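Report on one structure; see the data block that follows.
Because the structure is predicted, anything quoted here is derived from the model rather than measured. Numbering of ligands and ligand atoms starts at 1, following listing order. Residue indices begin at 1 and follow the sequence shown.
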Amino acid sequence: MREIGLLSKPGASLARRRFLVAGGMGAAGLAGCVAQPAPKADASLAPIRAGTDRIFDVTVCLRPFRAAGPRLEAERIGDQVVVHNYGHGGSGWSLSWGSSTLAVQMAMAGSPREIAVIGCGALGLTSAILGQQAGARVTIYTRDLLPQSRSARATGSWTPDSRIALASAAPAGFPALWETMARTSFKTYRSYLGLPGAPVEWRDQYFLTDAPMEHRPKPRAQGELDFAVYRTRIEDLRPDLDVLRPGATPFRSRYVARTTAMQFNLASYGHTLLNDFRAAGGQIAIREFASPADFASLKQKVVINCPGYGARALWRDTSIIPVRGQIAWLIPQPEVNYGLFFNDVFVLSRSDGIVVQDLSGGDMKGYGEDREIPDRKAAENVVGSVADLYDHHWG
Ligand SMILES: Cc1cc2nc3c(=O)[nH]c(=O)nc-3n(C[C@H](O)[C@H](O)[C@H](O)COP(=O)(O)OP(=O)(O)OC[C@H]3O[C@@H](n4cnc5c(N)ncnc54)[C@H](O)[C@@H]3O)c2cc1C
């Protein structure tokens, strides 16, 4: 396990300590913590039916990682202003509203009546909606609509500093900019809570481990890059991780801890965004751009450029490195109202599927890999680990 740390939060009792966990989803160092009183097993927890026959899809996505952090700047090309808004690594959904708020501020500097947005992923859609809210008529030009865009294949967790930059390569002002983006996004997500279809919701997550671990960050493995960790800047936004007494849950792991995390049910959330955009008069044109020179044919003089990993080909931006990630999708079980992390396996129960991911290898997993073909065997293996948990460590 990486990035394990244990800090007492000011004002927190011994029984409510904070664990620094990778991407908001790592296991924690649980030894030596004082457990919460929790007399009875929580009967409301339902088991996951993790048969490989219940895998209804296996998807692969590429995180658009840039060592210096996302490209967020305006560039004049001929008579057009192009505002770049791409390269958000494993944090594109989490930072989308904050990053797009900054992009739209740059785009609206000259008060254009119309703007074009390139791309219909997390960053394109949020830029488009915020552009409308700022008073512009917005057209999205995109090769793919959201369901076909890479954003639709994300886990759906609030992970604002997941593979967002390298600590050594990010500019000096980036941590503060990141904090602004994270806080703006977090606040905006509040307005999607409690809606029909639960596009965004808070859910419990359980962290299970048998082995006591050290309460300090693990040293980086040889060859591992120094992925930036900024989450301590926004500790006030995240609930603590509470250590539960043995028997408090049906999980029979030696240590069980629980927190509550924000998650995105991306099918519902994506429809909500697209419907909101269209309802406000937004237009969508399916179009592929071969090079930035193609932008000259657009009637809009202000363009927000959100092609995600597509920027590597479109802008010949070799600073974008693909970080491959795969998800095995189990048939949804509405009664499973929690997420799980154990043995480097992460499980998120969403309304559109139970998402199962193998996170072994840490942040370097998939680094530099652009293979988007699903690996069925790997999907069956990770689902097999979930089945094993319920067969042998539950009840
Ligand atoms: C396995 C995995 C899990 C993840 N989980 C999370 C998570 O839980 N939380 C989180 O915050 N982030 C997560 N991410 C990261 C997140 O998915 C990305 O940061 C995010 O999708 C990037 O969004 P985007 O809009 O920049 O790019 P994209 O979703 O790739 O959208 C780009 C858009 O631009 C269009 N486009 C590209 N090139 C062209 C072109 N030449 N012409 C016209 N259109 C073009 C595409 O069609 C597409 O519509 C995860 C990533 C992976 C791989």
Side-chain angles (χ1 to χ4, degrees), residues 23-25 58-66 70-72 84-100 103 116-128 140-164 181-182 185-186 189 200 261-266 269-270 273-274 284-292 294-295 298 303-317 320 322-329 339 346 348 350 355-359 363 365-367 369-370 372 374:
M25 58 176 78
V58 181
T59 57
V60 174
C61 172
L62 304 179
R63 300 171 183 88
F65 173 74
R66 295 179 82 238
R71 186 171 182 203
L72 193 54
H84 299 289
N85 188 16
Y86 67 78
H88 297 75
S91 305
W93 281 110
S94 307
L95 292 178
S96 57
W97 290 109
S99 185
S100 297
V117 171
I118 312 301
C120 192
L123 278 302
L125 270 169
T126 50
S127 293
I140 294 176
Y141 298 90
T142 186
R143 185 179 54 213
D144 311 292
L145 291 175
L146 180 61
Q148 284 72 45
S149 296
R150 292 190 175 95
S151 289
R153 307 196 287 270
T155 314
S157 312
W158 162 253
T159 54
D161 67 350
S162 166
R163 297 171 175 102
I164 189 61
M181 293 193 285
S185 265
F186 187 83
Y189 271 120
V200 178
M262 189 160 65
Q263 72 178 48
F264 317 124
N265 296 308
L266 290 177
Y269 181 46
L273 294 179
L274 275 168
I284 299 181
I286 300 300
R287 180 158 171 197
E288 177 157 14
F289 299 88
S291 80
D294 289 354
F295 287 13
L298 298 176
V303 179
I304 304 182
N305 178 46
C306 312
Y309 181 71
R312 195 175 158 101
L314 179 58
W315 291 84
R316 312 270 182 273
D317 184 347
I320 291 209
V323 187
R324 181 185 189 277
Q326 173 167 301
I327 287 173
W329 295 82
F346 184 62
L348 198 67
R350 290 174 20 188
V355 167
V356 184
Q357 253 180 301
D358 174 4
L359 300 182
D363 284 346
K365 189 181 180 71
Y367 185 86
E369 277 183 46
D370 63 359
E372 290 193 85

Review point. Are the charged groups of Lys365 and Asp358 less than 4.0 angstrom apart, N to O?
Key: yes
Check your understanding: For ligand 1, which atoms have a heavy atom of Gly325 less than 4.0 angstrom away?
Key -> 1 (C)
Check your understanding: Backbone or side chain, does any N or O of Trp93 fall under 3.5 Å from an N or O of ligand 1?
Key -> yes
Review point. Is it true that Gln263 lies under 4.0 Å from ligand 1, counting heavy atoms only?
Key: no
Review point. Considering only heavy atoms, does Ser94 approach ligand 1 within less than 4.0 Å through its side chain, its backbone, both, or neither?
Key: both
Check your understanding: What heavy-atom pair brings Ala311 and Ile320 nearest, and what distance separates the two atoms?
Key -> CB-CD1, 3.9 Å
Check your understanding: Given the side-chain rings of Tyr269 and Trp93, with only the six-membered ring counted for Trp, is the space between their centroids under 6.0 Å?
Key -> yes
Revision key, fill the gap. So for Asp144 against ligand 1, with non-hydrogen atoms under 4.0 Å, the contacting part is both
Review point. Which ligand 1 atoms does Pro307 reach within 4.0 Å, using its non-hydrogen atoms?
Key: 32 (C), 34 (O), 37 (C), 38 (N)
Point to revise | Nitrogen or oxygen atoms of Leu62 and ligand 1 under 3.5 Å apart | key: no
Practice item. Kindly compute the distance separating CG (Asp144) from CD (Glu288), expressed to the nearest 0.5 Å. Key: 8.0 Å
Study note, to complete from the structure: Here the atoms of ligand 1 under 4.0 Å from any heavy atom belonging to Cys120 are 33 (C), 48 (C), 49 (O)
Check your understanding: Considering only heavy atoms of Ser157, which atoms of ligand 1 have at least one such atom less than 4.0 Å away?
Key -> 7 (C), 8 (O), 9 (N), 10 (C), 11 (O)
Check your understanding: Out of Ser149, Ser151, Ala290, who gets a non-hydrogen atom closest to atom 23 (O) of ligand 1?
Key -> Ser151
Review point. With respect to atom 30 (O) of ligand 1, which of Arg150, Lys365, His88 exhibits the smallest heavy-atom separation?
Key: Arg150
Practice item. Could you say whether the N/O atoms of Thr142 and ligand 1 ever approach to under 3.5 Å? Key: yes
Check your understanding: What do you reckon, are the aromatic ring centroids of Tyr141 and Phe295 less than 6.0 Å apart?
Key -> no
Check your understanding: Of the options Ser157, Ser151, Ser94, which is the one that meets Phe264 in a side chain to side chain contact (heavy atoms under 4.5 Å, CB included)?
Key -> Ser94
Revision key, fill the gap. Here the atoms of ligand 1 under 4.0 Å from any heavy atom belonging to Gly156 are 7 (C), 8 (O)
Review point. Do the ring centers of Tyr309 and Trp315 come within less than 6.0 Å of each other?
Key: no
Exercise for review: Return a yes/no value for Glu288: is any of its N or O atoms, backbone included, closer than 3.5 angstrom to an N or O of ligand 1?
Suggested key: no
Point to revise | ligand 1 to Ala154 polar contact by distance, N or O atoms, under 3.5 Å | key: no
Review point. Contact between Gln357 and ligand 1, counting heavy atoms under 4.0 Å?
Key: yes
Check your understanding: What about Gly92: any of its N or O atoms under 3.5 Å from an N or O on ligand 1?
Key -> yes
**Study point:** ligand 1 atoms in contact with Cys306 (distance to a heavy atom under 4.0 Å)
**Key:** 32 (C), 33 (C), 34 (O)
**Study point:** Expected output: side-chain Ser185 to main-chain Gly98 donor-acceptor under 3.5 Å
**Key:** yes
Check your understanding: Can you check whether Arg143 has an N/O within less than 3.5 Å of an N/O in ligand 1?
Key -> yes
Exercise for review: Let me know which of Arg153, Arg324, Gln326 forms a side chain to side chain contact (heavy atoms under 4.5 Å, CB included) with Glu372.
Suggested key: Arg153
Point to revise | Main-chain N/O of Gly90 paired with Thr159 side-chain donor or acceptor, under 3.5 Å | key: yes
**Study point:** Distance-only N or O hit between ligand 1 and Leu123, under 3.5 Å
**Key:** yes
Point to revise | Close-contact set for ligand 1 against Cys61 heavy atoms, below 4.0 Å | key: 51 (C), 52 (C), 53 (C)
Check your understanding: Looking at Gly308, which atoms of ligand 1 are within less than 4.0 Å of one of its heavy atoms?
Key -> 26 (O), 27 (O), 32 (C)
